[in-house]
There are 2 protein chains.
Amino acid sequence: MGSADIPTPVIRRLPLYLRALMFLLDEAQEIISSEELGKKLGISPAQIRKDLSCFGEFGKQGTGYEIKHLREQLKRILKVDREWGIALVGAGALGHAIAHYEGFKNRGFYIAAILDNDPQKIGKKIGDLEVMDSRLLPEVVREMGLQVAIIAVPTSEARKVADALIASGIKAIINYAPITLNVPPGVQIRCIDPVTRLQNMTYYL
Amino acid sequence: MGSADIPTPVIRRLPLYLRALMFLLDEAQEIISSEELGKKLGISPAQIRKDLSCFGEFGKQGTGYEIKHLREQLKRILKVDREWGIALVGAGALGHAIAHYEGFKNRGFYIAAILDNDPQKIGKKIGDLEVMDSRLLPEVVREMGLQVAIIAVPTSEARKVADALIASGIKAIINYAPITLNVPPGVQIRCIDPVTRLQNMTYYL
DNA sequence: TAGATTGTTAATCGATTAACAATC
DNA sequence: TAGATTGTTAATCGATTAACAATC
């Protein structure tokens with residue numbers, strides 16, 4: 001690959017830029033400067049320019065950035081210029097909330113399948129999708145060509161589910177169980193645990 | 001205050017240490033070395049020792065850390081050696097999932113009140129709590145002495161809700177709407193947006 | 001004591017910021 | 001052109017790591 005190694009903090013910020021640009025486009029704004037974008041995001045303008053310069057020259061001196069163009073570039077860089085299907089494992093309250101979440105729309109993702117191991121839940125419909133038996137995971141992942149999954153099961157089952165996902169060929173996982181899961185190289189994982197975020201804030205109170 | 005300024009990455013890691021220690025105690029482990037803890041968390045042992053040394057000397061040379069003792073120290077440092085009541089705003093699918101979440105238990109938090117502006121939802125019960133009218137927010141926050149809140153409303157309402165929370169005296173906010181909210185100094189805010197996390201991972205695929 | 005692991009210092013590494021020439 | 005803002009360099013700042021004396 002021609003692309004040099006980009007610092008991870010840069011990659012963490014790009015989705016925030018993209019999110020802000022999508023929002024601005026909804027409000028029909030066409031151009032934005034690094035100054036204005038920085039103010040909206042609480043990030044320094046120099047930081048934004050430096051981050052973007054890792055990938056090319058997307059702005060125009062004296063003017064700023066054409067929002068639609070920058071959005072397309074960011075989508076391409078982040079590989080969300082396509083739609084990734086997600087395997088959602090867990091059809092409890094959290095699974096329902098994720099299945100009904102509006103925020104995936106136009107951001108590169110959709111729920112492709114919902115799985116659970118509870119016979120009470122298997123076969124039930126959530127929105128347009130029928131909850132499938134967890135045991136079908138390998139087939140579902142292969143047949144639908146899924147690479148992304150979300151773990152929304154109880155903590156006690158999260159490790160087992162992660163192993164099954166990885167064995168099935170999933171390459172990117174969002175884990176909602178409050179536990180650190182170790183994954184092999186080549187597999188991405190991120191944990192969403194509101195309590196660690198809360199504990200982080202209370203330190204400062 | 002006697003406490004010097006602690007680097008923010010340190011404060012971000014402490015809740016992870018605490019979470020791992022709680023888990024180990026459940027499994028009846030009593031002692032752990034920075035080496036072993038680091039392996040579990042994917043963090044270098046030197047990092048862990050350095051982080052902890054910001055606050056005191058909690059270990060014993062040649063042995064490691066007494067887990068129960070370190071847990072108590074971390075709880076104290078993070079101010080979760082008490083229980084913080086949370087004002088949960090939004091009683092939709094996400095609000096339900098949060099209200100039923102088991103993960104708050106023993107980690108310093110509980111849902112103290114649930115509010116919504118939808119007459120259809122007001123008065124309905126979620127677990128033990130009755131959904132209250134959002135307009136009662138200032139009274140609820142004051143009377144219950146709440147400092148922490150969670151925003152689980154549609155994106156279009158998030159800004160308004162955040163302003164109301166801050167006006168009511170809330171000092172720490174978890175925002176589930178995929179939008180950057182600007183808050184005044186002295187108020188902590190963290191955004192939980194699974195899609196930015198997903199977009200971060202797809203970059204690496 | 002011998003072995004192990006901490007707490008801490010110094011060195012390295014990496015990220016952010018300031019500043020300005022380039023240029024629209 | 002004059003004014004504005006980018007892209008980029010160099011300087012600053014901060015965080016991580018390596019190494020080891022202290023000590024249990």
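Letters go in sequence order (proteins before strands), and every chain restarts at 1.
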Whole angstrom is fine here: how far is it from [atom1] in [X] over to [atom2] in [N]?
{"X": "Asp5(B)", "N": "dA15(D)", "atom1": "CG", "atom2": "C1'", "result": "14 Å"}
{"X": "Ile6(B)", "N": "dG14(D)", "atom1": "CD1", "atom2": "C1'", "result": "14 Å"}
{"X": "Gln61(A)", "N": "dC24(C)", "atom1": "CD", "atom2": "P", "result": "6 Å"}
{"X": "Phe58(A)", "N": "dC24(C)", "atom1": "CZ", "atom2": "C1'", "result": "18 Å"}
{"X": "Leu37(A)", "N": "dT5(D)", "atom1": "CG", "atom2": "P", "result": "14 Å"}
{"X": "Glu66(B)", "N": "dC24(D)", "atom1": "CD", "atom2": "C1'", "result": "15 Å"}
{"X": "Leu52(A)", "N": "dT8(D)", "atom1": "CG", "atom2": "P", "result": "11 Å"}

Touch check for Arg12(A), heavy atoms < 4.0 angstrom, all strands: base, sugar-phosphate only, or nothing?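 Touches nothing.
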Interface polar pairs with nucleotides 17-19 of chain C, N/O, under 3.5 angstrom:
| unit_1 | atom_1 | unit_2 | atom_2 | d |
| --- | --- | --- | --- | --- |
| dT17(C) | OP2 | Ser44(A) | OG | 3.2 |
| dA19(C) | N6 | Arg49(A) | NH2 | 3.3 |

Note to self: For the backbone of Arg107(A) and the side chain of Gln199(B), can you confirm whether one donor and one acceptor N or O come within less than 3.5 Å of each other?
What the structure shows: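 Side chain of Gln199(B) to backbone of Arg107(A): a pair is present.
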Is there a donor in the side chain of [X] and an acceptor in the side chain of [Y], or the other way round, less than 3.5 Å apart?
{"X": "Asn117(B)", "Y": "Glu157(B)", "result": "yes"}
{"X": "Thr180(A)", "Y": "Arg19(B)", "result": "yes"}
{"X": "Asn175(A)", "Y": "Arg190(A)", "result": "no"}
{"X": "Tyr176(A)", "Y": "Asp193(A)", "result": "no"}

From the set dT16(D), dG7(C), dC24(C), return the single nucleotide nearest to any side-chain atom of Glu57(B).
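Among the listed nucleotides, the one closest to the side chain of Glu57(B) is dG7(C).
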Between Gly64(B) and Val10(A), just flag the one whose closest nucleotide in DNA chain C comes earlier from the 5' side.
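Whichever sits nearer the 5' end wins; that is Gly64(B).
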Residue closer to the 5' end of DNA chain C, Asp51(A) versus Lys60(B) (nearest nucleotide):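 With Lys60(B) and Asp51(A) compared, the 5'-side residue is Lys60(B).
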Contacts of Lys40(B) that satisfy side-chain contact (heavy atoms from CB on, under 4.5 Å) - sequence neighbours left out: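 Partners of Lys40(B) under the side-chain contact (heavy atoms from CB on, under 4.5 Å) test: Leu24(B), Glu36(B).
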Next item on the list: Could you list the residues that satisfy side-chain contact (heavy atoms from CB on, under 4.5 Å) with Val183(B), not counting sequence neighbours?
Entry: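 Listed in chain order: Ile166(B), Val187(B), Ile189(B).
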ask   = Can you list, by residue number, the residues of residues 21-33 of chain A that have a non-hydrogen atom closer than 4.0 angstrom to DNA chain D?
value =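 DNA chain D contact set from residues 21-33 of chain A: Ser33(A).
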Per-residue pairing states of DNA chain C in dot-bracket (Watson-Crick or G-U under 3.5 Å; . unpaired, | other strand) read ..||||||||||||||||||||||
Open item on the list: Angle between ring planes, His96(B) versus His100(B), binned at 30° and 60°: parallel, tilted or perpendicular?
Closed with: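 Ring orientation, 0 to 90° scale: tilted.
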Check: Aromatic rings Phe109(B) and Trp84(B): how do their planes relate, parallel, tilted or perpendicular, breaks at 30° and 60°?
Finding: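 Ring orientation, 0 to 90° scale: parallel.
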If you take any heavy atom closer than 4.0 Å to DNA chain C, which residues from residues 183-191 of chain A end up in contact?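 Contacting residues: none.
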Toward the 5' end of DNA chain D, by each residue's nearest nucleotide, Arg13(B) or Gly59(A)
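Counting from the 5' end, the first nearest nucleotide belongs to Gly59(A).
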query: Between Arg76(B) and Asp81(B), is the closest basic N to carboxylate O distance under 4.0 Å?
result: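 The answer is no: the pair does not qualify as a salt bridge.
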Between CD1 of Ile6(B) and CD1 of Ile77(B), what distance do you get to the nearest 0.5 Å?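 Reported to 0.5 Å precision, the distance equals 8.5 Å.
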Discussion item. Less than 4.0 angstrom between a side-chain N/O of Ser34(B) and OP1 or OP2 of dT5(C), yes or no?
Written reply: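 The answer is no; no side-chain N or O of Ser34(B) sits under 4.0 Å from OP1 or OP2.
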| task | Taking only the side-chain nitrogens and oxygens of Tyr65(B), find out if one of them lies under 4.0 Å from OP1 or OP2 of dG7(C). | result |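 Tyr65(B) to dG7(C) OP1/OP2: side-chain N or O found under 4.0 Å.
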ask   = Does NZ or CZ of Lys79(B) fall inside the cone over Tyr203(A)'s six-membered ring, less than 6.0 Å from its centre and within 45° of the axis?
value =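 Yes, Lys79(B) sits over the ring of Tyr203(A).
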Hey, does Ile67(A) have a side-chain heavy atom less than 4.5 Å from the side chain of Glu30(A)?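 Contact flag for Glu30(A)/Ile67(A) side chains = no.
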Testing the basics here: between Leu88(A) and Ala152(A), what is the closest heavy-atom pair and its distance to 0.1 Å?
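Scanning both residues, the minimum pair turns out to be CD1-CB, 4.2 Å.
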